[in-house]
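One structure is given here, and the rest of the page talks about it.
Reminder, nothing fancy here: chain letters follow the sequence lines and each chain counts from 1.
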Number of protein chains: 2
Amino acid sequence: MKDLVSRCPIEEVMRVLSGRWPTLLIYYLKEGTKRFSELQRDNPTVSHRMLSLELRKLEQAGIVERTVFDGYPLRVEYDLTRAGLDLVPLIDALGDWWTETDDTRALVPDEKA
Amino acid sequence: MKDLVSRCPIEEVMRVLSGRWPTLLIYYLKEGTKRFSELQRDNPTVSHRMLSLELRKLEQAGIVERTVFDGYPLRVEYDLTRAGLDLVPLIDALGDWWTETDDTRALVPDEKA
DNA sequence: CGGTATCCTCGGAGATACTG
DNA sequence: CAGTATCTCCGAGGATACCG
């Protein structure tokens, strides 16, 4: 997923949403403002480093907003932006589609058998 | 993206759609039936192997249907299934969202400067 | 607490070659 | 033509440690 092979906007969104974390983070952020450590607790298996990188990616994409509160210990809050909120129903629609088409996949012969 | 970390359907769809090729292949397949070699021509940078693997993944997910015609040389055709066709507008919506929120990203300071 | 840098590993994906 | 197998390599991502 390094370079784009088309000028298609779809390919560009997928550059941001691809992977395990982006949609999950959006999913948890729609519950409201979250701190770094809260998101870490929401996703126990995400590494410190990846959480940081993914949040930055979402920030660059205009999906997430980052607010730093000076003081000690540090305090940083993450929110969905307006664009991020607009994205939520689209992602949900994908989830619904997946659930609704579950029977289609059930027809696939089990290769593990 | 190996194992799921939640039972969330969104995470499951993203397992299928993540990466450079799935959405691109769906994009080209919505033009109609395509043969393996046609898809290869549509995406000149996809490797033989990856195209094969990705098509199988989409097939397992119930998005793409594979039809083999006996004879020589071999001939295999790929189509979107009903579920695949239903998925198209959802993916398009993501593309539209991306285009519409382009100005948000334009506000991000250029780190390459 | 949140972020970054460094190191290291493991598997995703390209190239190639072979079969039906 | 379409698909699979083998080999290889590069980089995504984990673990760890240190800074503001």
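- Between B/E54 and B/L25, the closest side-chain pair of non-hydrogen atoms falls below 4.5 Å.
- Taking side-chain N and O atoms only, A/S52 has no distance below 4.0 Å to OP1 or OP2 of C/dG2.
- Aromatic ring orientation, B/H48 versus B/F36: perpendicular (interplanar angle above 60°, classes split at 30° and 60°).
- Both A/S37 and B/P73 lie near DNA chain C, and the one whose nearest nucleotide falls closer to the 5' end is A/S37.
- Residue A/R35 places at least one side-chain N or O closer than 4.0 Å to OP1 or OP2 of C/dG2.
- Summarising the geometry, the separation between CD on B/E54 and P on D/dT4 is reported as 14 Å, rounded to the nearest angstrom.
- Nucleic acid contact for A/Y78: sugar-phosphate only, since backbone atoms but no base atoms lie under 4.0 Å from a heavy atom of the residue.
- More than 12 heavy atoms of other residues, nucleotides or ligands shown are found within 6.0 angstrom of OH on A/Y78.
- B/K30 has a carboxylate O that lies under 4.0 Å from a charged side-chain N of B/D92, or vice versa, which qualifies the two as a salt bridge.
- Between A/E38 atom CD and C/dG2 atom C1' the separation is 13 Å, expressed in whole Å.
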What does nucleotides 14-20 of chain D look like as a protein-contact string, B for base, S for sugar-phosphate only, - for none, at under 4.0 angstrom between heavy atoms? BB----B
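- A/L74 and A/V64 are assigned to two separate hydrophobic clusters, defined by single-linkage of ILVMFWY side chains at heavy-atom distances under 4.5 Å.
- A chain of hydrophobic side-chain contacts below 4.5 Å, direct or via other Ile, Leu, Val, Met, Phe, Trp or Tyr residues, connects A/V68 to A/L29.
- Side-chain proximity of A/V76 to the nucleotides D/dA2, C/dG3, C/dC1 is greatest for C/dG3.
- Atom CZ in B/R56 sits about 12 Å away from atom P in D/dA2, given to the nearest Å.
- Smallest separation of non-hydrogen atoms from B/P22 and B/K57: CG-NZ, 4.0 Å.
- To the nearest angstrom, C1' of D/dC1 lies 10 Å from CD of B/Q40.
- Distance B/D70 CG to D/dA2 C1': 13 Å, rounded to the nearest Å.
- Taking 4.0 angstrom as the limit, B/R66 places a side-chain polar atom (N or O) nearer than this to OP1 or OP2 of D/dG3.
- In this entry the distance linking NZ of B/K34 with P of D/dA2 reads 13 Å, nearest Å.
- We find that CZ of B/F36 is positioned 9 Å from C1' of D/dC1, with the value rounded to whole Å.
- C/dC1 atom P lies 16 Å from atom CZ of A/F69, rounded to whole Å.
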